[in-house]
Amino acid sequence: MSDPRVLIMMGSESDFDTMKPCVDVLEEYGVANEVVVASAHRTPHVVERLAREAEARGIKVIICAAGMSAHLAGVVAAYTILPVIGVPMEAAALKGVDALYSIVQMPGGIPVACMGIGKHGAKNAGYLAAQIIALMDPELRDKLFRYRDELSDTVAAMNRRVQDKLGR
Ligand code: RP5
C-alpha cells in the first residue's frame, strides 16, 4: 500500500488471523497501512531497521502483535518515538497472559500502549491508531464520531429488544 500511515508488525504468520480485525478497522476508515511479519527474536535486524526507518517513511503509529515472551513492541519502542501499540497474542500454554505481562510491564521512559489479549485487542489497536491519526485528519475524526453515534444506536436497539423480551 502506498504511503502507509500505520505500520503493523507481527511476530509470526500464526498471528495473522488474530490481527485481521485490526487491518479491517484501518481499511474501513481509509487509513493506509503496511503489514509485515518480523520477529524481535528471530529477525531482530529486520525489526530494528523497520523501527528506525518508520518515521522518515511517514508512518505515524506502529502496532506490534506478538505472543509468548512478547518483546516486539518493547524493542520497536526502543528505536523510535512514534507511538507504539502492543497487542498480546493468545498462545497455547499461558493463553496470552505471558504476552500481556511482557508488553504491559515496560520500564519507565519507553512506553508501549498495551491492548487486551487477542482479537478484541487487535480491533482496539486499529481504532486507537485511527484516533491518533485523527488528531491530524479532520475527515477521519468525523468518521470516527459517526461510528460512535452508530454504536450508541446499536446499544439503544439492544436495550429495546431486552425490554421487549421482559414484556416491559
Ligand atoms: C511469537 O511467538 C509470535 O508473535 C507468535 O505469537 C508466537 C509463536 O510463533 P510461531 O511459533 O507460531 O511462529 O514470536
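Hydrogens, waters and symmetry mates are skipped; everything else that's a heavy atom, side chains included, is used. Quantities reported herein were computed from a predicted structural model and do not represent experimental measurements. As the structure lists them, so they are numbered: ligands from 1, and atoms in each ligand from 1.
- Those atoms of ligand 1 that come under 4.0 Å of a heavy atom in Ala66, given as number and element, are 4 (O).
- Using a 4.0 Å cut-off to heavy atoms of Gly67, the atoms of ligand 1 that qualify are 1 (C), 2 (O), 3 (C), 4 (O), 5 (C), 6 (O).
- Nearest heavy atom pair, residue Leu50 against residue Ala38, reads CD1-CB, 4.0 Å.
- At a heavy-atom cutoff of 4.0 Å, ligand 1 is contacted by the side chain of Arg42 but not by its backbone.
- Between Glu53 and Arg57, none of the side-chain N atoms (NZ, or NE/NH1/NH2) sits under 4.0 Å from a carboxylate O, so this pair counts as no salt bridge.
- Within a 6.0 Å sphere centred on NE2 of His120, other residues, nucleotides and ligands contribute 12 heavy atoms or fewer.
- Near Asp15, the atoms of ligand 1 lying under 4.0 angstrom from a non-hydrogen atom of the residue are 3 (C), 4 (O), 5 (C), 6 (O).
- A 6.0 Å sphere centred on CD1 of Ile81 holds no more than 12 heavy atoms belonging to other residues, nucleotides or ligands.
- Closest to atom 8 (C) of ligand 1 among all protein heavy atoms lies Met68 SD, 4.0 Å.
- The option with the heavy atom closest to atom 12 (O) of ligand 1, from among Ser14, Ala70, Ser39, is Ser14.
- Closest protein heavy atom to atom 10 (P) of ligand 1: Ser12 OG, 3.5 Å.
- No side-chain heavy atom of Met19 sits under 4.5 Å from any side-chain heavy atom of Val35.
- A 4.5 Å side-chain heavy-atom check between Lys143 and Tyr147 finds every atom pair outside the cut-off.
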